[in-house]
Amino acid sequence: MNERIKNIFKLLVPQIMWSFFKRKWFYFKELCPIIKQQLRYWGIKKRIKRKSELIKILFVITDSSQWKLCGLYESLKQTGFFEVSVLICPIISERGESHMRRMYKRCVDYFKKIEVDYFLAYNIENNSFNDISFIKPDIVYYITPFPNYRYGPEAFHDALLIYSPYFFVGTTFTWNLGGDLFYSKLWKYFIECEANRKEVCKYSIIKGMNSVVTGYPSCDLLCSRKNLDYSEWRYGESNRKRVIWSPHHSIPGVHYENFSTFLSYYDNMLNMAEKYKNEIEIVFKPHPLLKYALYQHPQWGKIRTDAYYEKWFMGENISLQEDDYIELFRTSDAILNDSNSFMIEYLYTQKPALYLDNGKRLSFSNEVGLAAYNAHYHAGSFKEIESFLLRVVLGGKDEMKKQRKDFFDKYLLPPNGKTVTENILSEIINGIGLSKKLKITT
């Protein structure tokens with residue numbers, strides 16, 4: 001027996017040692033370029049501080065619905081020290097060229113409308129990428145962790161790289177929470193709340209040393225009650241209750257997550273709008289990728305999908321919104337939702353929220369995601385959706401108000417007694433050593 005144990009031990013020890021050294025070598029290989037990048041930032045900061053011209057800051061964007069930094073954009077310009085612009089990039093993915101061209105055109109049209117200074121990374125007429133080397137930004141600000149490879153960290157070696165998420169992270173996916181090398185190569189990683197920063201420190205190869213809690217950028221807009229714009233609604237500021245239906249794109253048969261409930265309720269929602277047409281108005285606000293997912297679904301396809309979306313243009317008290325949703329949230333009375341980020345974001349309004357539950361969401365929720373779920377009403381059937389509409393939205397019997405307020409205070413309230421814009425602006429100004437010139441304090 002002792003001889004057998006010795007033989008097993010001899011076999012296992014080399015394998016264990018090899019596995020150990022293999023892990024360490026992988027860690028070392030990954031860490032070296034990160035350290036090199038972080039050291040490079042010291043030189044870039046010194047160069048920026050010595051500049052006599054305006055400091056160039058470039059926001060990289062691929063989807064207009066992800067743009068939530070208009071307040072920061074304006075605040076940076078108002079300092080008089082920054083030249084601020086946006087780089088509009090195409091989405092290169094397995095979804096194909098038609099999807100890319102549609103999203104790119106929509107993004108360009110949006111930024112034309114809001115009168116933001118922008119550069120085009122792509123020429124849609126001759127299907128070619130534009131040369132952007134002339135921009136030479138000092139700071140590059142990402143709002144998606146998976147930018148087009150042409151405009152990722154490797155494309156801007158002489159710039160400070162910043163990222164703040166366009167979505168509020170409510171899942172345990174490590175690529176969301178700092179496990180990807182993209183996050184470790186950043187100069188500053190602005191995070192929504194302390195609970196998420198702790199998870200970033202857990203997963204990040206550099207233990208979140210570049211992470212700062214500033215709050216979520218949409219907060220400043222969603223919490224404001226000034227200048228409410230009801231133009232997204234067919235009846236404007238009327239006596240009808242304004243309800244958002246926002247289904248996710250993870251439909252069964254196409255996506256591996258499968259927590260979207262769209263296929264269960266797509267007809268019910270139209271019927272409900274018709275049944276209560278004198279009492280409510282519904283805006284269909286689908287995830288931007290839902291249309292593409294339906295195109296791929298064997299029982300839907302492009303013709304059926306486009307026809308369904310068109311119905312939301314034709315109804316008396318229904319409409320479709322595929323772009324910015326901030327005003328939609330601010331002027332609504334309630335939401336019916338199964339999306340990740342919206343489950344958290346809508347709670348900034350502290351209005352009633354119903355989570356359309358198929359039982360698959362909780363398996364990968366992080367602390368914030370689970371707490372947001374518990375601050376929602378829940379529905380597992382259309383009968384429960386209608387009950388929520390009648391009892392809470394139309395009847396005013398809102399029993400979850402305290403839970404939403406508690407969630408807001410713990411996870412959504414920006415730190416330091418400042419707005420999110422003020423927190424981010426302070427981090428940028430102090431980080432490059434301009435706080436004395438601008439009289440901005442931490």
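Proximity of a side-chain donor or acceptor of Asn210 to a complementary backbone N or O of Lys188 within less than 3.5 Å is not detected.
In this structure, Tyr118 and Phe111 have tilted ring planes: the angle between them lies in the 30° to 60° band.
Put simply, the residue from Tyr325, Phe59, Tyr166 that forms a ring-ring contact (aromatic ring centres under 6.0 Å, His included) with Trp67 is Phe59. Just one of Arg106, Arg101, Lys105 meets the side-chain contact (heavy atoms from CB on, under 4.5 Å) condition when paired with Met103; it is Arg106. No option in Glu232, Glu327, Lys285 other than Glu232 meets the side-chain hydrogen bond (donor to acceptor under 3.5 Å, both in side chains) test with Gln321. Here the rule is side-chain contact (heavy atoms from CB on, under 4.5 Å) with Met269, and of Phe284, Trp245, Phe262 only Trp245 fits it. Among Thr214, Val200, Ile162, Val212, the one residue that satisfies the side-chain contact (heavy atoms from CB on, under 4.5 Å) test with Tyr189 is Val200.
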task = I would like to know whether Tyr266 and Trp300 meet ring-ring contact (aromatic ring centres under 6.0 Å, His included); could you show each step before the answer?
result = CA-CA 12 Å; Tyr266 66 91; Trp300 278 74; 4.9 Å; yes
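Side-chain rings of Tyr163 and Phe190 stay apart, their centers remaining 6.0 Å or farther from each other. In this structure, Tyr373 has its ring center closer than 6.0 angstrom to the ring center of His378.
Remark: Lys56 is not positioned above the aromatic ring of Phe82, lacking an NZ or CZ atom under 6.0 angstrom from the ring centre and at most 45 degrees off the axis.
Side-chain N/O atoms of Tyr377 and Glu399 include no donor and acceptor closer than 3.5 Å.
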